[in-house]
Amino acid sequence: MTESTEARHFIQQIIDADIESGKWGQPGDQSVVTTRFPPEPNGYLHLGHTKAICLCCGLAREFGGRFNLRFDDTNPAKEEQEFVDSIKGDIEWLGAQWDGEVLFASDYFEQMYEWARELITKGMAYVDDQTVEQIRAGRGNTKAPGEHSPFRDRSVEENLDLFERMKNGEFENGSKVLRAKIDMNSGNMNLRDPLMYRIVNATHHRTGDTWHIYPMYDWAHGLEDSIEGVTHSLCTLEFEDHRPLYDWFINAINEGRAGGSKIHHSQQIEFSRLALSYTNMSKRYMRQLVEENHVHGWDDPRMITVAGFRRRGYTPESFWMLSEDVGITKFNALVDFSRLENMVREDLNTKAPRRMAVLDPIKLVITNWGEQGDEDRVEPVDGVNHPKDESRGTRPLSFGRELWIEREDFMIDPPKKFFRLGPDREVRLRCGYWVKCHDFKTDADGKVTEVHCTYDPLTKGGNNPPADGEGKVRKVKGTIHWVNADEAVDAEVRMFDRLYNAERPGKETGNHLDDLNPDSLAVVTNAKIEPGLVERTEDEPDWKDGIRRFQFERIGYFCVDTDSTSEKMVFNRTATLRDSWTKKQ
RNA sequence: GGGGGAAUGGUGUAAUUGGUAGCACGAGGGAUUCUGAUUCCCUUAGUUCGGGUUCAAGUCCCGGUUCCCCUACCA
């Protein structure tokens, strides 16, 4: 009970039991656990997929098993090569490398076709000539039983003949389907003579025009798992109703077969999908956001696509952490978005080198800087790269008479608990000097334009001044960040907030667009950054994905955006720092 | 008058399968701090409801409630 780290979720427990019983072989065999991630290549991967990927891949790794990537490309009308490429890239970025080659359901079409013929021969499937509408009507509904199709009792010979001609392309789309003969009275709608094949006269992204019939999900999926020797076929909760059908198809193929010739029967296990507050995983919604330009493409950093998160600066590790954090259950939970944010913060806190940048600059002038007649003097100071890790060293910064500081770090009439700058207040400029404000300038509107300070030469590097005659050391409450105006570089900084204002977008309003947050993007074009930020420097870590990430001290985590040019750097805010000060106010 | 699932602090999860309801996040308080960050310490609050079995129930039984999924030639 004390070993909370040993807690096993229900799928791990199933696998433990399978290993115990030797169901799939002996421990240590790679066959003991074979999982698969089976995306349809019809869109981009999003946050919801990451949970399934981490689960399937993680399980295979935990047990020394095998993790397959299989494209479920059974619908040529919706699928494109572009998506298989982006999906592969996203999975690799996540660090969920699959075992062996990438697999495709379309490689199994011939085998599936043979199995379908076998079911026809056994009298378990038939060709139906009814229209979509007739089939739908005949299916009944949850309250009323269905009716048998008038074509349900065709002879095996006729079915075999028609099925082959369907395959050969003799018929129009929608004119015929192959159905399994199960139970039109079942309370489970999936069992009311489900479709196995439909006619689709379209070009498939891999098989071209060789096929005119394409298998339906329920027929295909278990067979794909079977062919690949998948042991635990993990999917989300809405497929619970499909499991009886998944099993029926495998059993139907195996019916009448001798023990040795039976096909592999994987176990389908369902878990709850990931739902995060203030997001919506609906592909339809996401497409609308892109197509109607509510965001700037699928990789807009506000999107919850893997591409969006990557561009925003999220690390792959944060998704593994979240996946671990939310656990695996059958409960439809709504996870706070802040949990994912906490994960990146936690990850980036240890990894990201510190830098200084001023987002909303006002000028700080050190009026006693030139007392020796050397106003233009520039002094080098060392910027600490990581306060908790000395081995990461320092970087050279320069300090001079005019600096940029954050507008919100100065108040004309500050409250008592305000630890930053104000008239007659002293602060430490991080890694620089201590400065004390004695004056400020405003424009016609009363807006502060300049803050005038004196510095204490005895505080170089930000260190405490020596004790006075009585052994007392002067103290400051606050430390603020700054950039030397002389060498500061202008940069664009994009700050993102949640895309939606509602916990469950569209739930209350009925239209997710009504819940859009109008302030989800704020762009600052005149941020002042350390010049060292422009080019990659030696002390930066080797980020696997090549994305440069930093902590801008006291502000948050930022990464270099792909829009950056040699003329102008562009940064994306990944996450803010935790902030107990503004919360307090 | 259908079928399939699920309910544990504010949130997400755990409980040796009948034996002290634990962990994390959040929140509140404090310490440390050259980031109002980090780190550390303390506090906070929970078994959906009603019965029953039992020495003992989050766990088993009966009944109720609430929520999710299912009527695509999508996956």
Side-chain angles (χ1 to χ4, degrees), chain A residues 1-9 13 38-40 42 72 74-75 77-78 128 130-132 135-136 139-146 173-179 185-192 195-200 213-214 216-218 220-221 235-244 270 272 277 283 322 324-336 338-339 342-343 345-346 349-350 354 356 384 386-388 417-420 427-432 434 459 461-464 476-481 551-556 576-584:
Chain A
M1 181 180 294
T2 49
E3 313 253 326
S4 59
T5 49
E6 299 247 324
R8 316 278 291 155
H9 59 68
Q13 289 179 27
E40 184 188 14
N42 71 345
D72 208 1
T74 56
N75 186 354
K78 294 165 62 180
D128 195 340
Q130 293 185 106
T131 63
V132 195
I135 290 176
R136 187 177 299 144
R139 189 153 35 218
N141 57 54
T142 55
K143 302 268 158 50
N173 287 357
S175 58
K176 283 181 171 49
V177 294
L178 184 73
R179 298 179 76 176
N185 284 315
S186 175
N188 182 347
M189 302 298 290
N190 295 120
L191 264 21
R192 318 250 263 227
L195 274 56
M196 294 166 65
Y197 280 94
R198 78 287 209 190
I199 295 170
V200 184
I213 53 172
Y214 288 88
M216 302 290 291
Y217 168 85
D218 286 303
H221 206 85
C235 60
T236 46
L237 248 28
E238 66 268 30
F239 290 101
E240 283 177 316
D241 281 346
H242 295 244
R243 185 170 5 108
E270 311 85 13
S272 72
S277 61
K283 220 173 255 184
L322 181 75
E324 188 64 33
D325 182 55
V326 301
I328 301 298
T329 66
K330 292 172 91 80
F331 174 64
N332 279 308
L334 180 65
V335 177
D336 280 346
S338 60
R339 279 176 179 271
N342 288 337
M343 299 301 151
R345 284 201 190 103
E346 192 181 327
N349 178 42
T350 57
R354 312 288 126 122
M356 289 200 280
V384 175
H386 196 109
K388 288 278 193 268
K417 288 284 195 183
F418 188 77
F419 299 152
R420 286 111 96 154
V427 297
R428 169 173 25 236
L429 294 173
R430 174 115 172 110
C431 300
W434 290 22
T459 58
N463 292 314
N464 291 357
V476 284
K477 278 282 194 140
T479 298
I480 65 174
H481 57 98
Q551 184 196 96
F552 289 172
E553 294 215 42
R554 302 209 308 130
I555 305 177
T576 60
L577 252 35
R578 221 183 252 109
D579 180 5
S580 55
W581 164 242
T582 49
K583 208 165 16 181
K584 207 173 271 182

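Computed from heavy atoms alone, side chains included, the values below leave out hydrogens, waters and symmetry copies. Chain letters run A, B, ... following the sequence lines, proteins first, then strands; residues in each count from 1.
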Could you check whether [X] gets within reach of a base, just the sugar-phosphate, or nothing at all, counting any heavy atom under 4.0 Å?
X        : value
A:Arg243 : nothing
A:Pro244 : nothing
A:Arg430 : base
A:Tyr214 : nothing
A:Ser277 : nothing
A:Phe552 : nothing
A:Ser580 : sugar-phosphate
A:Gln551 : base
A:His481 : nothing

Would you measure the distance from the [atom1] atom in [N] across to the matching atom in [M] and give it in whole Å?
N     : M     : atom1 : result
B:G9  : B:G52 : C1'   : 28 Å
B:G30 : B:A37 : P     : 13 Å
B:C42 : B:G5  : P     : 44 Å
B:G46 : B:U8  : C1'   : 6 Å
B:U17 : B:U65 : P     : 34 Å
B:U59 : B:U53 : C1'   : 14 Å
B:G4  : B:C62 : P     : 15 Å
B:A21 : B:A15 : C1'   : 7 Å

Item checked: First encountered from the 5' end of RNA chain B, between A:Asn190 and A:Arg198 ->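 On the 5' side of the pair lies A:Asn190.
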Next item on the list: Tell me which of A:Gln13 and A:Gly187 sits closer to the 5' end of RNA chain B, going by the nucleotide each one is nearest to.
Entry: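 Whichever sits nearer the 5' end wins; that is A:Gly187.
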Check: Any idea if B:U66 is syn or anti, going by the 90°-from-0 cut?
Finding: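 Nucleotide B:U66 adopts anti.
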Would a 4.5 Å heavy-atom cut-off, applied to side chains only, mark [X] and [Y] as touching?
X        : Y        : result
A:Asn463 : A:Arg428 : no
A:Val384 : A:Arg354 : no
A:Asn332 : A:Leu237 : yes

Please write out the pairs of protein N or O atoms and N or O atoms of nucleotides 39-46 of chain B separated by less than 3.5 Å, giving the distance to one decimal.
none

Next item on the list: Just jot down the ring-ring contact (aromatic ring centres under 6.0 Å, His included) partners of A:His386, sequence neighbours excluded, or say none.
Entry: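 Once residues adjacent in sequence are excluded, A:His386 has no partner under the ring-ring contact (aromatic ring centres under 6.0 Å, His included) criterion.
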Next item on the list: Sequence neighbours left out, what passes ring-ring contact (aromatic ring centres under 6.0 Å, His included) with A:His221? Give chain and number order.
Entry: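 In terms of ring-ring contact (aromatic ring centres under 6.0 Å, His included), with neighbours along the sequence ignored, A:His221 is linked to A:Tyr217.
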Under the rule for salt bridge (Lys or Arg N to Asp or Glu O under 4.0 Å), what residues qualify as partners of [X], not counting sequence neighbours?
X        : result
A:Arg136 : none
A:Arg243 : A:Glu270
A:Asp241 : none

So if I take every side-chain heavy atom of [X] and compare against [options], which nucleotide ends up nearest?
X        : options             : value
A:Leu577 : B:U35, B:G26, B:A75 : B:U35
A:Arg139 : B:G5, B:A14, B:A72  : B:A72
A:Met189 : B:C74, B:C70, B:C73 : B:C70
A:Lys143 : B:G5, B:A75, B:G2   : B:G2
A:Arg354 : B:G26, B:U35, B:G4  : B:U35

Set of residues satisfying side-chain hydrogen bond (donor to acceptor under 3.5 Å, both in side chains) with respect to [X], sequence neighbours excluded:
X        : answer
A:Arg139 : none
A:Asn173 : A:Asn201
A:Asp579 : A:Thr582
A:Asp128 : A:Gln130, A:Ser149, A:Arg179

Notebook entry, point to check: Would A:Asn342 and A:Arg345 count as having a side-chain donor-acceptor pair, cut-off 3.5 Å?
Noted result: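 Distance-only check passes for A:Asn342 and A:Arg345.
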Check: Has A:Arg136 got a side-chain N or O lying under 4.0 Å from the OP1 or OP2 atom of B:A72?
Finding: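 Affirmative; the distance criterion is met.
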Next item on the list: For B:U33, take OP1 and OP2 only and decide whether either is under 4.0 Å from a side-chain N or O of A:Thr479.
Entry: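 So the side chain of A:Thr479 is outside the cut-off, no N or O lying under 4.0 Å from OP1 or OP2 of B:U33.
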Output one line per pair: protein atom, nucleotide atom from nucleotides 11-13 of chain B, and distance, for all N/O pairs under 3.5 Å.
residue : atom : partner  : partner atom : Å
B:U11   : O3'  : A:Leu334 : O            : 3.4
B:U11   : O2   : A:Arg339 : NH2          : 2.5
B:G12   : OP1  : A:Leu334 : N            : 3.2
B:G12   : OP1  : A:Leu334 : O            : 3.4
B:G12   : O2'  : A:Val326 : O            : 3.2
B:U13   : OP1  : A:Thr329 : OG1          : 3.1
B:U13   : O5'  : A:Val326 : O            : 3.2

Note to self: Between the base of B:G3 and the side chain of A:Asp241, is one N or O donor paired with an acceptor at under 3.5 angstrom?
What the structure shows: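 Answer is yes: a donor-acceptor pair is held.
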Notebook entry, point to check: Do A:Arg192 and B:U71 have a side chain to base donor-acceptor pair shorter than 3.5 Å?
Noted result: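 No such pair is found, so the answer is no.
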Margin query: Rounded at 0.5 Å granularity, tell me how far OG1 in A:Thr479 sits from CH2 in A:Trp434.
Written below: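 It comes to 8.5 Å.
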Check: Can you tell me which stems RNA chain B forms when a stem means 3 or more consecutive Watson-Crick or G-U pairs under 3.5 Å?
Finding: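 Consecutive-pair runs (3 or more) involving RNA chain B: B:2-7 with B:65-70, B:10-13 with B:22-25, B:26-31 with B:39-44, B:48-52 with B:60-64.
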